[in-house]
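Everything numeric here is computed off the predicted structure, so don't read it as measured data.
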Number of protein chains: 2
Amino acid sequence: MNLADVARRAGVSPATASRALSGHPHVAEVTRARVWEAARALEYVASPEATGLARGTTGRVAVVVPHLARWWFGAALEGLGTVLREGGRDLLLYRLGDAGSRQAFFDELPTRRRADAVVLLGFGVDERERERLDRIGVGIVAAGTRVGSHPSVSIDDHAAGRQAMDHLLHLGHRRIGTIVAADPELDLAQPAGRSSAYRAALADAGITPDPALSVTVTWSPESGARAMGELLGLADPPTAVYAHSDEIALGAVRTLRRAGLRVPEDVSVVGIDDHPLAAMTDLSTVAQPAAEQGELAGRMALAGLAGEPVDPVVTVPTRLVIRGSSGPPQAAGRRWRRS
Amino acid sequence: MNLADVARRAGVSPATASRALSGHPHVAEVTRARVWEAARALEYVASPEATGLARGTTGRVAVVVPHLARWWFGAALEGLGTVLREGGRDLLLYRLGDAGSRQAFFDELPTRRRADAVVLLGFGVDERERERLDRIGVGIVAAGTRVGSHPSVSIDDHAAGRQAMDHLLHLGHRRIGTIVAADPELDLAQPAGRSSAYRAALADAGITPDPALSVTVTWSPESGARAMGELLGLADPPTAVYAHSDEIALGAVRTLRRAGLRVPEDVSVVGIDDHPLAAMTDLSTVAQPAAEQGELAGRMALAGLAGEPVDPVVTVPTRLVIRGSSGPPQAAGRRWRRS
DNA sequence: GTCACGCCTGCAAACGCTTCCAGCGCCCGC
DNA sequence: GCGGGCGCTGGAAGCGTTTGCAGGCGTGAC
């Protein structure tokens, strides 16, 4: 099963067999064919350990993610995996589930000798971590966020937020709530652009933001439901809500329905993502291409490995998708009619 | 950065350094401490290639999945990843996106020398593939499905289906449709138990199944929406629908809403999974623990690697979750009132 | 008919770690 | 006081590839 066996069967030295199999020049065609035939007959698979040791590479790309169950991550990982496979690289998956494993990861940098490149998926890092990361000695690519000066692919969070907010403002809403997503468990930076867009849009419309209309929660649907409850508890609740993700927005819609309020007649809701279930639940949203971001990150990583130049910062476009969860505000008098 | 450097700094031979770091007995405590200190100072990380080559293992577990964006897979992978990390194993991810990559995977068995064990996640294999798989020479564990006589963890699909169907029958439904999930692109076997449960439940209730009430589609919400459209087009549409997954069920609900029908007053819907968004959309369903299945599969793989005995077949329980999408059928006269 | 030059091929030395085997002290028991 | 044994350490041989270097042979040019 070893290269030596293949070489013996083909009647050549291991050196020649190696050259023949890995496509080096200066191997006679007839020899190459004989070696390949022998390899096929013996079902030979090179030991990646030995190859890696001799060549000083691993043939693997490490992917670091904070979550997997959330839609964006699964979709991005899917795109990334496809591209890496085409490039002949194996995908090593690291999930940093909590602050502890995150700390351990950046302290020990276990990927140091385990991969030829690292892709950070939806993972904002802080100053110290970036500094640590740079010592890893391999190429780093980020998707869904920016990481220092490393190549990255992401949406323009601010622009996406503006698309959502401008849509609501255009419909005539003046009192707009926002549900901000954060990741306290992982201490992940919240997408700053999505929040700044909220303030900027209000400012442009001449509206003074009410701090009570902004509530920060985790990324889950349940959190969204809870946040909406909080907003409904206000003396003067919003007529529209802009959520940082569809999953959160869907939670908000559920709370509204439970409260007997109609969407969008009583309260409009928009999210960000275009989650597959957003179409199913008629949720207005700002679509972002998740799989494509993963694919692009993969291509950038491969290009870096090949020594080709890579674009430092790629921004993929987002698109406002208007569905049934957003509409003009009702005349004040008709609001709060319990359906 | 190499073991030799660490050894030199600690004033011992590489052999002793190796033993000290990998926790072998017969190393003086003081020596061990000195080696560890040197390793820490030099930020030493062992080369997995070299270790693997010398030891004949890889320290990696390959995970094979057909999808990532679907909820179950992300959640199961999350649980699996956590357990493998605790066990000190790296996770190598293989996604078999279409029939072509599937074929290639089983032909070439690329994981052969790349991992110490293989976990198949939600991946039913056929006879030929199983035969190929057995030649891989490493332990195989399946989650979410059974694979030959290999250890596996999954729910009892038939029992889960019965929970859903019995619930609908108990509510008084007699004309029950079913949306069967399949994966034609990957040629994945549909979960037979979920279909047999449909027939068995009807039989027990003395109802002759109407072939027109059973429509087979892919796992996506969009498919569910389309399937529901088909069922609504029947001369005598069902009063309840049992879908093979929540994602499909949610698609079905969307079609019903669009058609102006009320859920559950006009048509009841139940799914399987307890997807996080099922709670948000008030969908009745049969809950299955996805993350737990991943965790168990991980533990089984680790146990196998440690040479410990592993339970051949583990079945995790499912649980009927009654929410707002299922209720008793309306008296015939009141049905089809366009809300 | 020579000579030089290329193509191919093989030898052997890495790559970085583990582990078998042997050796060296030291302690304990007689 | 002496021998056996045990605890600890080092030497060296792999593990399976790749690749620099050198050599053999054929070919074309002169």
Side-chain angles (χ1 to χ4, degrees), chain A residues 1-39 42-60 88 90 110-116 137-138 305, chain B residues 1-39 42-60 88 90 110-116 137-138 305:
Chain A
M1 300 285 180
N2 290 344
L3 182 58
D5 300 319
V6 174
R8 200 171 313 121
R9 187 180 233 263
V12 299
S13 73
T16 299
S18 169
R19 278 188 282 254
L21 290 176
S22 43
H24 278 230
H26 302 311
V27 175
E29 255 338 298
V30 47
T31 309
R32 188 184 301 279
R34 227 178 31 243
V35 171
W36 271 102
E37 169 54 25
L42 292 153
E43 297 199 298
Y44 171 72
V45 174
S47 154
E49 317 299 320
T51 304
L53 186 53
R55 240 194 312 230
T57 62
T58 67
R60 271 167 255 136
D90 281 333
T111 60
R112 197 146 22 127
R113 301 176 92 167
R114 305 178 121 77
D116 302 330
V138 301
L305 288 177
Chain B
M1 301 283 180
N2 289 341
L3 182 58
D5 301 316
V6 174
R8 201 170 311 119
R9 186 180 232 263
V12 299
S13 72
T16 299
S18 169
R19 278 187 286 251
L21 291 175
S22 41
H24 277 228
H26 302 311
V27 175
E29 259 334 299
V30 47
T31 309
R32 188 185 302 277
R34 238 192 5 258
V35 172
W36 271 102
E37 169 54 27
L42 281 88
E43 297 200 301
Y44 171 73
V45 174
S47 154
E49 319 299 320
T51 304
L53 187 53
R55 233 185 328 220
T57 62
T58 67
R60 271 167 255 135
D90 281 333
T111 61
R112 198 149 18 132
R113 299 177 94 166
R114 303 178 121 79
D116 302 331
V138 301
L305 289 177

TODO: Mind checking A/Ala15 for me? I need base, sugar-phosphate or nothing, with any heavy atom below 4.0 Å counting as a touch.
DONE: base
Task: N or O in side chain of B/Tyr44 less than 4.0 angstrom from C/dC17 OP1/OP2 - done: yes
- [ ] Mind calculating the distance between CG (A/Asp5) and C1' (D/dC15) to the nearest angstrom?
- [x] 14 Å
Task: Separation of C/dC7 P from A/Arg32 CZ (nearest whole Å) - done: 14 Å
Task: Side-chain N,O (A/Ser13) to OP1/OP2 (C/dG10) below 4.0 Å - done: yes
Task: C/dT9 phosphate, OP1 or OP2, under 4.0 Å from A/Thr31 side-chain N/O - done: yes
Task: For atom CG of A/Leu3 and atom C1' of C/dC11, their distance in whole Å - done: 15 Å
TODO: With DNA chain D as reference, determine whether B/Leu53 or A/His24 sits nearer its 5' end, using the nearest nucleotide of each.
DONE: B/Leu53
TODO: Specify the separation, in whole Å, of atom NE2 of A/His26 and atom C1' of C/dG10.
DONE: 16 Å
Task: Residue whose nearest DNA chain D nucleotide is more 5′ - B/Arg34 or A/Met1 - done: B/Arg34
Open item on the list: Quick test of your reading of the model: are B/Arg60 and A/Glu49 salt-bridged, counting only N-O distances below 4.0 Å?
Closed with: yes
TODO: May I have the step-by-step check of salt bridge (Lys or Arg N to Asp or Glu O under 4.0 Å) for B/Glu37 and B/Arg34, ending in yes or no?
DONE: CA-CA 5 Å; B/Glu37 169 54 27; B/Arg34 238 192 5 258; over 6 Å; no
TODO: Check if the side chain of B/Arg55 and the base of D/dG14 share a donor-acceptor pair of N or O atoms closer than 3.5 Å.
DONE: no
Task: side chain to side chain contact (heavy atoms under 4.5 Å, CB included) evaluation trace for B/Val6 with B/Arg9 - done: CA-CA 5 Å; B/Val6 174; B/Arg9 186 180 232 263; 5.8 Å; no
Open item on the list: Using OP1 and OP2 only, check whether a side-chain N or O of A/Thr16 sits under 4.0 Å from C/dG10.
Closed with: yes
Task: Phosphate-side-chain proximity, B/Ser18 and C/dT18, N/O vs OP1/OP2 below 4.0 Å - done: yes
Task: Backbone of B/Pro48 reached by a side-chain donor or acceptor of A/Arg114 within 3.5 Å - done: no
Open item on the list: Looking at D/dT17, I'd like to know if its phosphate oxygens (OP1 or OP2) sit under 4.0 Å from a side-chain N or O belonging to B/Arg113.
Closed with: yes
Open item on the list: Just the rounded figure in Å: distance from C1' of C/dG16 to CG of B/Leu42.
Closed with: 15 Å
Task: B/Leu21 CG - D/dT9 P separation (whole Å) - done: 13 Å
Open item on the list: Heavy atoms from C-beta onward define the side chain here; which of C/dC11, C/dC20, C/dG16 lies closest to that of B/Arg19?
Closed with: C/dC20
Open item on the list: Tell me whether B/Arg113 contacts the main-chain N or O of B/Thr58 through its side chain, where contact means a donor paired with an acceptor under 3.5 Å.
Closed with: no
Open item on the list: Rounded to whole Å, please give me the gap between CD in B/Glu49 and C1' in C/dA14.
Closed with: 16 Å
